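Below is one structure, written out as structure tokens; comments come after it.
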Protein chains: 4
Amino acid sequence: MTTEFQSSKPIYMQIVDRIIIDILQEKQILGDKLPSVREKAVQIGVNPNTIQRAYSELERMSVVETRRGQGTFVIENSHLLDELRLSMQTEVINEYVKKMKEIGITKQQMISELQHYLKEED
Amino acid sequence: MTTEFQSSKPIYMQIVDRIIIDILQEKQILGDKLPSVREKAVQIGVNPNTIQRAYSELERMSVVETRRGQGTFVIENSHLLDELRLSMQTEVINEYVKKMKEIGITKQQMISELQHYLKEED
Amino acid sequence: MTTEFQSSKPIYMQIVDRIIIDILQEKQILGDKLPSVREKAVQIGVNPNTIQRAYSELERMSVVETRRGQGTFVIENSHLLDELRLSMQTEVINEYVKKMKEIGITKQQMISELQHYLKEED
Amino acid sequence: MTTEFQSSKPIYMQIVDRIIIDILQEKQILGDKLPSVREKAVQIGVNPNTIQRAYSELERMSVVETRRGQGTFVIENSHLLDELRLSMQTEVINEYVKKMKEIGITKQQMISELQHYLKEED
DNA sequence: GTGGTCTAGACCACA
DNA sequence: GTGGTCTAGACCACG
């Protein structure tokens, strides 16, 4: 809600988010190979360098490991899923609270309105 | 979190959001005159047409009214604030629930984790 | 000594090393601004992107911080120097021990030969 | 640590180092025949001229001798090993001291930190 | 001006 | 084939 204009997240970070969500939803299985840099690049229509950067970031986050000449693989770590879920969850909650504050919702209401919304949804 | 790339909201809608938040935070008083299209345009460095479009949208939403030869005014309506707050709130909650679902958080947890976060914040 | 051929460290990492050494030798004062990306690029004759990457790496290592529109600054942290020195020292010792092992020098000799060399140097 | 960029040692010198290490580690026995220039070239995927140059350098260093029509042989000289070891050792110590100086480690520490490191390793 | 991101296209090492 | 690095040149947001 803060004025952002063209900003939005960098493409490579959006790709990082997308891949993490795929892992959490088990569309990307632990230990499996991600598409090659070039393949993924044509698949989603960006420059290979952008994918490269996304994969590097994922490696820095210890989500994937790269084996030279073989490819990029999701790390097989039973804790990985929980850690990823937790960090993304914190980010989402953070954003929620920030935006609600901005429009003048009290903490009490942040909870009660959410409860009400979820009840309606059923 | 949904892959959007360059997209993000159109600029004029971001300006609409910004003005609504200003009203909710009483930086824009009910009944008061908004800056002229030209003035606002230079203020935030955007084409006057973009501001014009934002003001039109605000008029369509019955948030402002334009008086020929005088300018654009925030409608003096005590219910307005509540309505605006409600619609923005719904949007924010919507987004929160969608993203939490995406990373596999249950409805129960959506509430309990939020409560936990707000408690920590104090 | 292990066969490396063209390998050698990537240029951007060599730049990182160089800057860290400059900091340790106080040629780069804590809190001071590094040359701009473009300036440094022409200075040492590489592409600005390569400098950019070096600066990013330094930021990741918490050695510098970047202030948007202002530049890249060495972090003012009294512990920084000691930490940097320690990590580089470990790297150098590591390499020393590995190479000495390779040519069949015993641990005892790794120390005594070094002592002998340093005595000669005076 | 010294800025070198693309440089690194010439390939033929790296091959020289490799062969000397093989001799020191007794993977290449004294008096034995080295692989032919052509054989070695395909073995490590390099131009035969590069191997030729490496062998010449080894001959200049009195490490091997070439017998016309027979091949290149490691010289059978009991002192050879010690001499090689010594010269490589000096090179390694040299580099160690230079780098440690560069990051501001005192001579005392160059020894004590090494001792500490070797103790840890056990 | 500053740093940050992105594209296009190249070359390298490893397998 | 794979990932990793580098150049060239462009556009953006921030101050």
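No experiment lies behind these values; they were computed from the predicted model shown.
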Completion exercise
Taking for Pro48(A) and for Arg68(A) the nucleotide of DNA chain E with the nearest heavy atom, the one nearer the 5' end belongs to Pro48(A)
Practice task
Using only side-chain N and O atoms of Tyr12(C), determine if any of them is under 4.0 Å from OP1 or OP2 of dC6(F).
Solution key: no
Exercise for the section: Please state whether the phosphate of dG4(F), meaning OP1 or OP2, lies under 4.0 angstrom from any side-chain nitrogen or oxygen of Thr66(A). Expected result: yes
Fill in the blank from the handout: Arg67(A) atom CZ is separated from dC14(E) atom C1', nearest whole Å, by 14 Å
Handout entry: d(CD1, Ile51(C); P, dA8(F)) in whole Å
Key = 13 Å
Practice task
Return the value, rounded to whole Å, for the distance between atom CE of Met13(C) and atom C1' of dC6(F).
Solution key: 16 Å
Practice task
Answer yes or no: does a side-chain N or O of Thr50(C) lie under 4.0 Å from OP1 or OP2 of dC6(F)?
Solution key: no
Handout entry: Ile11(A), nearest nucleotide to its side chain (from dC14(F), dT2(F), dC6(E))
Key = dC6(E)
Handout entry: Pair partner, dG4(F) [Watson-Crick or wobble, under 3.5 Å]
Key = dC11(E)
Handout entry: With Thr50(D), the side-chain contact (heavy atoms from CB on, under 4.5 Å) member among Ile44(D), Ile11(D), Val37(D)
Key = Ile11(D)
Practice task
Given side chain to side chain contact (heavy atoms under 4.5 Å, CB included), test Tyr55(A) with Thr66(A) step by step and report yes or no.
Solution key: CA-CA 9 Å; Tyr55(A) 282 12; Thr66(A) 69; 5.7 Å; no
Exercise for the section: Kindly indicate, with the supporting measurements, whether the criterion salt bridge (Lys or Arg N to Asp or Glu O under 4.0 Å) is fulfilled by Lys99(B) and Glu95(B). Expected result: CA-CA 6 Å; Lys99(B) 288 188 180 176; Glu95(B) 200 185 343; 3.4 Å; yes
Completion exercise
Heavy-atom nearest nucleotide on DNA chain F taken for Gln52(A) and for Asn47(C); more 5' hit belongs to Gln52(A)
Exercise for the section: Please state how far atom CD1 in Ile44(A) lies from atom C1' in dT7(E), giving the value in whole angstrom units. Expected result: 14 Å
Handout entry: Nucleotide dA15(E), atom P - distance to NZ of Lys33(A) in whole Å
Key = 16 Å
Completion exercise
In whole angstroms, the gap separating P of dG15(F) from CZ of Phe73(C) amounts to 13 Å
Problem - Presence of donor-acceptor pair under 3.5 Å, side chain of Arg38(C) and base of dG1(E) - result: no
Handout entry: Side-chain donor or acceptor of Glu57(C) paired with backbone N/O of Met13(C) under 3.5 Å
Key = no
Exercise for the section: Please determine if a side-chain N or O atom of Gln70(A) lies less than 4.0 Å away from the OP1 or OP2 oxygen of dA15(E). Expected result: no
Handout entry: Lys9(A) NZ to dC6(E) P, straight-line distance once rounded to whole Å
Key = 12 Å
Problem - Atom-pair distance (CZ on Arg60(C); P on dG4(E)), nearest Å - result: 15 Å
Handout entry: Polar pair under 3.5 Å, donor/acceptor by atom type, side chain Asn49(A), base dG3(F)
Key = no
Problem - Phosphate-side-chain proximity, Arg53(A) and dT5(E), N/O vs OP1/OP2 below 4.0 Å - result: yes
Problem - Distance-only donor-acceptor check, side chains Tyr12(C) and Asn49(C), under 3.5 Å - result: no
Problem - Residue Glu59(C), side-chain heavy atoms: nucleotide from dG3(E), dG3(F), dG4(E) that is nearest - result: dG4(E)
